[in-house]
Colleague: 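Below are the structure tokens for one structure; questions will follow.
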Amino acid sequence: MSEPRILLADCDSYFVRCAMLADPEGAGRSELVIVGGSPTGRGVVTSASYAARAFGVHAGMPMATAVRLCPGAVFAPVPGEVVRGKHVEVRAVLDDFSPVVEAASVDEFYLDLTGTELMYHGEPLEQTALRIQREVMERTGISISIGGATGRTLAKIAASVNKPFGVCIVPPGGEAEFMARFPVSDIPGVGPALAESLRRRGVTMVRDLAVQDLATVVSWVGDSRGPWLHRLARGEDGGRVSRRGPQKSVSHERTFPMDISDREELETRLLMLAVETGASLRAEGLRARTVTVRVRYADFTDRSASRTAPEPIESDRAIYAVARELFRELLARRAGGIRLLGVGVSKLGPEQEAEPELFADVEGSGETERDRRLAEASDKLRGKYGRGTLVPARIANRDPKDRHRGRGDSEAES
DNA sequence: TCTGGGGTCCTAGGACCC
DNA sequence: TCTGGGGTCCTAGGACCC
């Protein structure tokens with residue numbers, strides 16, 4: 001068996017690069033570019049150029065803060081179309097280099113080059129990585145950084161070492177030494193909560209963790225994360241590259257520009273979200289058994305309620321019917337201004353082409369054949385004439401100015 | 001400074017069944 | 001009489017990732 005040879009290709013400030021390509025005359029001409037929600041709204045920074053990062057701007061920061069820190073920047077919305085398009089282009093280049101490519105997110109790809117030594121005539125992994133990097137840049141205009149190691153987690157950490165446009169390969173056998181220098185919070189999967197609980201035990205760096213025995217680490221972080229974290233601290237990374245499984249949930253949520261207390265207004269928003277979720281579900285060719293409603297109150301506490309139907313559903317009407325019941329239960333539990341509302345579906349399965357009479361009025365699902373045909377018809381209309389063509393009467397009857405409020409940032413780009 | 005939107009995975013308790 | 005153990009499903013909440 002040859003040693004695992006795993007690469008992580010990570011696009012450098014990907015959303016910024018896409019925004020520059022989407023708007024060559026605006027963002028494309030500036031060094032200071034910040035991509036995210038509206039600068040005056042409640043959004044956060046999705047990505048900032050390296051020049052803007054020098055001002056202290058970083059992903060996840062409220063836009064209002066970013067404006068204050070870096071007022072001279074060009075503020076751009078998320079360029080959804082370019083983001084999706086370049087993802088496909090980058091992927092195509094990577095497919096030419098590796099038989100196994102896994103898209104871990106829109107801007108990260110794992111490559112498994114295990115067993116390709118003959119194909120590459122014994123070329124050192126670093127040379128291969130440099131060639132991949134150059135070719136991605138030439139063919140797509142996207143800058144990537146590449147990390148390489150015998151496991152996926154180490155490859156991912158390595159990719160961050162020489163960013164941007166860098167390559168870092170961890171030599172086989174050098175894994176433990178490589179890991180020792182990092183804070184535990186640099187390990188993907190160790191977030192603020194776990195890092196803080198380790199810090200209280202005197203562990204900040206991976207090297208502090210590596211000297212602990214397995215039983216101790218398990219007693220600290222639990223049976224499921226303990227063995228994983230213990231091995232990783234020693235540079236033992238069994239993580240390989242695999243195809244992603246089927247999608248498990250579909251959801252849409254929206255933070256309002258101002259908190260909303262009015263129930264009618266909230267139920268109208270809920271309907272819009274149910275329609276969006278239904279459309280996304282059907283676009284994937286899926287049906288769902290569980291509907292979940294999520295509410296975030298003004299004080300940032302989240303509450304959710306979910307219900308699982310005996311039979312899968314797919315129509316906007318059926319999703320909304322369940323969502324409204326759940327929403328009213330949530331409101332009964334706690335009143336007050338609401339900042340965010342979300343509708344999600346899970347327990348997904350494939351859409352079935354079945355005999356209409358077999359599915360008509362299925363006991364318990366509350367969804368009829370008529371509901372499904374109506375949903376299918378509106379999908380076709382939307383596909384033909386664009387989103388917003390067909391909205392439920394309750395939404396269409398509202399003031400058009402009103403309809404625009406509170407829409408997502410990604411829609412502001414068009 | 002006042003905190004997005006889309007996901008995945010884990011935990012823990014209760015219901016229900018054998 | 002007052003008390004088993006395991007498996008599976010559902011629900012709510014939370015950590016984490018990009």
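Every chain is numbered from 1, with letters handed out A, B, ... down the list of sequences.
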Colleague: In whole Å, what separates the P atom of C:dG4 from that of B:dG14?
Modeller: 16 Å
Colleague: Nearest whole Å is fine: how far is C:dA12 C1' from A:Leu326 CG?
Modeller: 12 Å
Colleague: With sugar-phosphate meaning primed atoms plus P, OP1 and OP2, does A:Ala64 contact a base, only sugar-phosphate, or nothing at under 4.0 Å between heavy atoms?
Modeller: nothing
Colleague: Contact class for A:Arg42 (heavy atom, under 4.0 Å): base, sugar-phosphate, or nothing?
Modeller: sugar-phosphate
Colleague: Kindly say if A:Arg307 contacts the phosphate of C:dT11, meaning a side-chain N or O under 4.0 Å from OP1 or OP2.
Modeller: no
Colleague: With a cut-off of less than 4.0 Å, is there a side-chain N or O of A:Arg339 near OP1 or OP2 of B:dC2?
Modeller: no
Colleague: Distance check: side-chain N/O of A:Arg294 vs OP1/OP2 of C:dA12, anything under 4.0 Å?
Modeller: no
Colleague: Calculate the interatomic distance between A:Phe256 atom CZ and B:dT3 atom P; express it in whole Å.
Modeller: 15 Å
Colleague: Hey, does A:Arg333 reach any base, or is it just sugar-phosphate, or nothing, if we go heavy atoms under 4.0 Å?
Modeller: sugar-phosphate
Colleague: Is the distance from OP1 or OP2 of B:dG7 to the nearest side-chain N or O of A:Lys248 less than 4.0 Å?
Modeller: no
Colleague: To the nearest Å, how far apart are A:Asp107 CG and B:dG7 P?
Modeller: 16 Å
Colleague: A:Glu253 has an atom CD; how far is it from atom C1' of B:dG7, in whole Å?
Modeller: 10 Å
Colleague: Just checking, is any N or O donor in the side chain of A:Glu3 or A:Thr150 under 3.5 Å from an acceptor N or O on the other one?
Modeller: no
Colleague: Within 45 degrees of the axis of the six-membered ring of A:Tyr14 and under 6.0 Å from its centre: does A:Arg17 put its NZ or CZ there?
Modeller: no
Colleague: So, A:His87 versus A:Arg91: side-chain donor-acceptor pair below 3.5 Å or not?
Modeller: no
Colleague: Remember a base hit wins even if backbone is also touched, and classify A:Val106 as base, sugar-phosphate or nothing at under 4.0 Å, heavy atoms.
Modeller: nothing
Colleague: Just checking A:Leu69: base, sugar-phosphate only, or nothing, at a heavy-atom cut-off of under 4.0 Å?
Modeller: nothing
Colleague: Listing request: all side-chain hydrogen bond (donor to acceptor under 3.5 Å, both in side chains) pairs with a residue in residues 328-349 of chain A, at least two apart in sequence or in separate chains.
Modeller: A:Glu267-A:Arg328, A:Asp299-A:Arg334, A:Thr301-A:Arg334, A:Arg307-A:Glu329
Colleague: Considering every strand and a 4.0 Å limit on heavy-atom distances, what is the contact class for A:Val190: base, sugar-phosphate, or nothing?
Modeller: sugar-phosphate
Colleague: Could you state the atom-to-atom distance from CG of A:Leu341 to C1' of B:dG6 in whole Å?
Modeller: 16 Å
Colleague: Which part of the nucleic acid, if any, lies within reach of A:Phe300 when heavy atoms closer than 4.0 Å are counted: base, sugar-phosphate only, or nothing?
Modeller: base
Colleague: Going by heavy atoms in the side chains, are A:Trp220 and A:His230 under 4.5 Å from each other?
Modeller: no
Colleague: Can a salt bridge be assigned to the pair A:Glu138 and A:Arg134 using a cut-off of 4.0 Å between side-chain N and carboxylate O?
Modeller: no
Colleague: Take A:Gly60 and A:Ser224, find for each the nucleotide of DNA chain B with the closest heavy atom, and name the residue whose nucleotide sits nearer the 5' end.
Modeller: A:Gly60
Colleague: Is the shortest side-chain N/O distance from A:Ser251 to OP1 or OP2 of B:dG5 below 4.0 Å?
Modeller: no
Colleague: Between A:Arg296 and A:Glu253, is there a salt bridge with N-O shorter than 4.0 Å?
Modeller: no
Colleague: If I take atom NZ in residue A:Lys347 and atom P in nucleotide B:dT8, what distance separates them, rounded to the nearest angstrom?
Modeller: 13 Å
Colleague: Of all the nucleotides listed (B:dT1, C:dT11, B:dG7), which has the minimum atom distance to the side chain of A:Pro62?
Modeller: B:dT1
Colleague: Could you run down the sub-3.5 Å N/O contacts of the protein with nucleotides 14-18 of chain B?
Modeller:
none

Colleague: By nearest heavy atom, map A:Ala195 and A:Arg303 onto DNA chain C; which one lands nearer the 5' end?
Modeller: A:Arg303
Colleague: Do any side-chain nitrogens or oxygens of A:Thr46 fall under 4.0 Å of OP1 or OP2 in B:dG4?
Modeller: no
Colleague: Is a side-chain donor-acceptor pair under 3.5 Å present for A:Ser145 with A:Asp12?
Modeller: yes
Colleague: Report for the helix from B:dG5-C:dC18 to B:dC18-C:dG5: angle between first-end and last-end helix axes, five pairs each, rounded to 10 degrees.
Modeller: 10°
Colleague: Taking the nucleotide of DNA chain B with the closest heavy atom to each, which residue, A:Ser280 or A:Asp299, is nearer the 5' end?
Modeller: A:Asp299
Colleague: Nearest whole angstrom, please: distance from the P of B:dC2 to the CG of A:Leu340.
Modeller: 19 Å
Colleague: Looking only at side-chain atoms of A:Arg289, point me to the closest of B:dC10, C:dC10, B:dT1.
Modeller: C:dC10
Colleague: Regarding A:Ala104, tell me which of base, sugar-phosphate or nothing describes its non-hydrogen contacts under 4.0 Å with the strands shown.
Modeller: nothing
Colleague: Have a look at A:Leu273 and say if it touches a base, only the backbone sugar-phosphate, or nothing, with a 4.0 Å heavy-atom cut-off.
Modeller: nothing
Colleague: Do A:Thr114 and A:Arg240 have side-chain atoms, one donor and one acceptor, less than 3.5 Å apart?
Modeller: yes
Colleague: What is the distance from CD of A:Gln247 to C1' of B:dG6, rounded to the nearest Å?
Modeller: 9 Å
Colleague: Are A:Glu89 and A:Arg139 close enough for a salt bridge, meaning some N to O gap below 4.0 Å?
Modeller: no
Colleague: Under 4.0 Å between a Lys/Arg side-chain N and an Asp/Glu carboxylate O for A:Arg199 and A:Glu196?
Modeller: yes
Colleague: Can you tell me if A:Ser249 touches the phosphate of B:dG6, counting only side-chain N or O atoms and a distance under 4.0 Å to OP1 or OP2?
Modeller: no
Colleague: Quick one: is A:His252 getting a side-chain N or O under 4.0 Å of the B:dG5 phosphate, OP1 or OP2?
Modeller: no
Colleague: Does NZ or CZ of A:Arg254 fall inside the cone over A:Phe256's six-membered ring, less than 6.0 Å from its centre and within 45° of the axis?
Modeller: no
Colleague: Side-chain N or O of A:Ser304 less than 4.0 angstrom from OP1 or OP2 on C:dT11?
Modeller: no
